[in-house]
Structures are given as C-alpha cells and as structure tokens.
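One structure is given here, and the rest of the page talks about it.
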Amino acid sequence: MLPPRAFAQLTRTPLNNMPEVIRRVTGGAVINRGRVKLNVPPLVENGHLVPLGVTVESPMTATDFVSEIHVFTEKNPLPEMISFYLGPRAGRAAIATRVRLADTENVVAIARMNDGSWWSDTQFVIVTLAACLEEL
Amino acid sequence: MAVARINVPKTAQRGEIIEIRALISHVMENGFRRTTLGVPLPRDIITGFTCTYNGVEICRVTLYPSIAANPFLSFTTIATESGTLVFNWRGDNGFNHSETAQITVG
C-alpha cells in the first residue's frame with residue numbers, strides 16, 4: 001500500500017501532456033472547431049467502461065474523405081486513447097469503441113481530412129468511479 | 001486464447017454502407033496499476049487492429065492503454081463485392097489473433 005501522499009501524486013498523472021501530443025500528431029496545423037461530433041456520456045458512473053463514438057461530417061468520396069480520427073484525454077496517464085485510419089471505402093466516418101476514464105476530464109476528438117485540414121470536438125465528462133490507477 | 005466476436009451482415013446490397021463490429025477478449029492491462037504491495041503490473045495491451053476486405057485494407061486502428069478491457073471497435077464500409085473480411089489484432093507479448101467473415105453482396 002502506498003502512503004496517501006504518494007498515491008495522490010500518482011493519481012495526479014503528471015505524464016499527461018495532451019496539448020503537446022495533439023500538436024505532435026497534427027504537425028502544428030490549425031485545428032478548426034466543427035464537423036466532428038464526439039459522442040460520450042456527460043456523466044459516467046464507471047470509468048472502466050465508457051462508450052465513445054465519433055462521427056465526422058464528410059461525403060466520404062474519393063476526393064473528399066476523412067483519413068484519420070484521433071481521440072485524446074486530458075487526465076488519463078497517457079493522453080492518447082485511440083487512432084482510426086480510414087479511407088473513402090468507409091462510406092461514412094463513424095467509429096465507436098469503449099474507453100477508460102481516470103478522472104473528470106475533457107475528451108477531445110480530432111479528425112484529419114484528406115486535404116490536410118483538421119477538425120475537432122471536445123466534451124467534458126464527469127466520472128464517479130475512476131479507472132486506470134486502482135490497486136489490485 | 002482470445003475469443004473474438006465479429007458482427008458483419010451476411011448479405012448486403014451492392015453499394016450499401018454496412019456497420020462492422022469487432023470485440024475480442026483481452027485484459028488490456030494498462031501498465032500504470034500496482035498491486036497492494038506496490039509492485040507495478042507490466043503493460044499487456046492490444047496495440048493494433050486492421051480489417052481487410054478481399055485483401056484491401058479498409059480500416060486500421062492504433063489502440064492505447066486507455067481502451068477498456070475486451071476492446072470493442074465499430075466502423076463502417078461500403079459493400080462492394082462478395083468476399084472475405086479478415087480481422088487481425090496484434091499486441092504486447094507477441095499477441096496475434098485473426099478472424100474472418102464472409103459477406104455475400106447481391
């Protein structure tokens with residue numbers, strides 16, 4: 001058992017540097033608001049299993065499609081959550097998965113279009129039971 | 001041994017957008033947890049997933065420790081022709097699992 005102070009430091013997760021990691025993924029490109037819709041419940045009872053979906057407005061044709069969807073979190077031990085690489089054969093830019101949330105925090109979804117532009121959506125999620133850092 | 005569940009429609013109209021759902025049993029141990037004695041539990045997660053449709057990659061995913069145990073992935077594709085979808089998961093400690101599904105496009 002860790003002393004309470006050490007545990008508090010662990011749960012503060014000093015590793016997470018989300019803005020820097022997003023900049024690295026986008027190569028410093030401007031990220032526009034809109035076109036992306038991040039679907040995640042605003043209030044989560046159990047952070048171990050949180051349904052998360054991302055849809056992006058796009059015709060998904062050979063000349064205009066979503067090529068990448070990335071999801072990041074602000075306070076999990078690591079900012080990266082998941083990255084999807086799609087193409088025009090997807091038909092629709094709609095993905096879903098289930099994630100863990102370690103704290104009440106912002107979740108950010110960004111999408112890259114084939115023309116190189118980036119779009120994003122941010123949702124604030126309140127988490128009652130945190131995941132990731134519990135002891136066994 | 002991992003158990004995977006794939007949900008792909010058996011038949012589809014040509015040009016129809018179909019939803020594909022894939023679930024696999026895996027602990028997704030995130031590498032940040034410790035036992036009550038303070039011993040760190042080593043990371044053991046699935047790191048990558050690909051789906052190919054008659055040999056052409058239609059979706060690729062990179063997974064991180066923030067993904068819940070028994071990773072569930074859902075995405076869409078256009079039913080272009082009858083054939084085989086191959087799903088492959090790779091992960092830590094040499095984890096590798098493949099599943100296939102058949103689709104008939106009318």
Side-chain angles (χ1 to χ4, degrees), chain A residues 1-3 6-7 10-11 13 15-16 21 25 46-55 60-62 66-102 105 107 131-136, chain B residues 7 12-24 26-43 45-81 85:
Chain A
M1 187 75 172
L2 287 165
F7 188 70
L10 260 183
T11 53
T13 63
L15 297 169
N16 193 315
V21 169
V25 169
N46 182 356
H48 291 277
L49 194 66
V50 183
L52 179 147
V54 181
T55 54
M60 294 303 270
T61 58
V66 178
S67 59
E68 298 171 25
I69 296 172
H70 305 269
V71 184
F72 301 93
T73 71
E74 199 180 17
K75 289 180 184 167
N76 277 16
L78 286 177
E80 298 100 332
M81 275 199 142
I82 197 159
S83 301
F84 277 79
Y85 300 88
L86 307 171
R89 285 196 59 173
R92 249 197 322 260
I95 60 101
T97 184
R98 290 167 193 159
V99 302
R100 291 175 173 135
L101 291 174
E105 57 186 321
V107 180
C132 299
L133 292 164
E134 76 282 10
E135 293 174 342
L136 273 193
Chain B
N7 192 321
Q13 299 294 317
R14 190 176 303 274
E16 186 186 340
I17 297 171
I18 55 169
E19 187 187 0
I20 297 168
R21 286 177 289 172
L23 181 79
I24 189 163
H26 196 282
V27 290
M28 292 296 276
E29 183 57 59
N30 63 28
F32 295 100
R33 301 199 306 162
R34 290 163 185 271
T35 66
T36 45
L37 298 172
V39 182
L41 292 159
R43 192 184 90 160
I45 66 163
I46 289 175
T47 52
F49 168 85
T50 51
C51 176
T52 61
Y53 189 158
N54 282 348
V56 181
E57 185 180 282
I58 54 168
C59 184
R60 181 160 53 88
V61 184
T62 306
L63 294 88
Y64 294 93
S66 285
I67 297 303
N70 306 325
F72 165 82
L73 300 169
S74 161
F75 51 95
T76 55
T77 192
I78 299 170
T80 51
E81 56 193 344
L85 289 119

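We use all heavy atoms of the structure for the numbers below, so side chains are in, but hydrogens, waters and symmetry mates are not. Chain letters run A, B, ... following the sequence lines, proteins first and then strands; every chain starts at 1. Computed from a predicted structure; not experimentally measured.
- Interface residue B/A69: backbone and side-chain heavy atoms are both found under 4.5 Å from chain A.
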Run the side-chain contact (heavy atoms from CB on, under 4.5 Å) check on B/L73 and A/I95 step by step: do they pass? CA-CA 7 Å; B/L73 300 169; A/I95 60 101; over 6 Å; no
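- Of all non-hydrogen atoms in B/A68 and A/L49, the two that sit nearest each other are CB-CD1, 3.7 Å.
- Among the candidates A/L78, A/L101, A/L86, the residue making the largest number of heavy-atom pairs closer than 4.5 Å to chain B is A/L78.
- Residue B/L23 touches chain A through its side chain alone, counting heavy-atom pairs closer than 4.5 Å.
- Chain A forms the most heavy-atom pairs under 4.5 Å with one residue out of B/E19, B/M28, B/R21, and that residue is B/M28.
- Using a 4.5 Å cut-off between heavy atoms, B/T50 makes no contact with chain A at all.
- Expressed to the nearest 0.5 Å, how far CZ of A/R89 lies from CD1 of B/I17 amounts to 12.5 Å.
- Proximity to chain B (any heavy atom under 4.5 Å) is restricted, for A/P88, to the backbone atoms N, CA, C and O.
- Using a 4.5 Å cut-off between heavy atoms, B/P65 contacts chain A through both its backbone and its side chain.
- Residues of residues 51-58 of chain B lying within less than 4.5 angstrom of chain A, judged on heavy atoms, are B/Y53, B/V56, B/I58 in numerical order.
- The distance from the CE atom of A/M60 to the OG1 atom of B/T77 is 9.5 Å, given to the nearest 0.5 Å.
- By the 4.5 Å heavy-atom criterion applied to side chains, B/I67 and A/T97 are counted as neighbours.
- Residues B/T62 and A/F84 form no side-chain contact, since every pair of their non-hydrogen atoms from C-beta on lies 4.5 Å or further apart.
- Summarising the geometry, atom CG belonging to A/N16 is positioned 8.5 Å from atom OG belonging to B/S66; distances are rounded to the nearest 0.5 Å.
- Of the possible donor and acceptor atoms, one in the side chain of B/T76 sits under 3.5 Å from a partner among the backbone N and O of A/R92.
- The shortest distance between side-chain heavy atoms of B/C59 and A/Y85 does not fall below 4.5 Å.
- B/Y64 has its side chain out of reach of A/P79: every pair of non-hydrogen atoms, C-beta onward, lies at least 4.5 Å apart.
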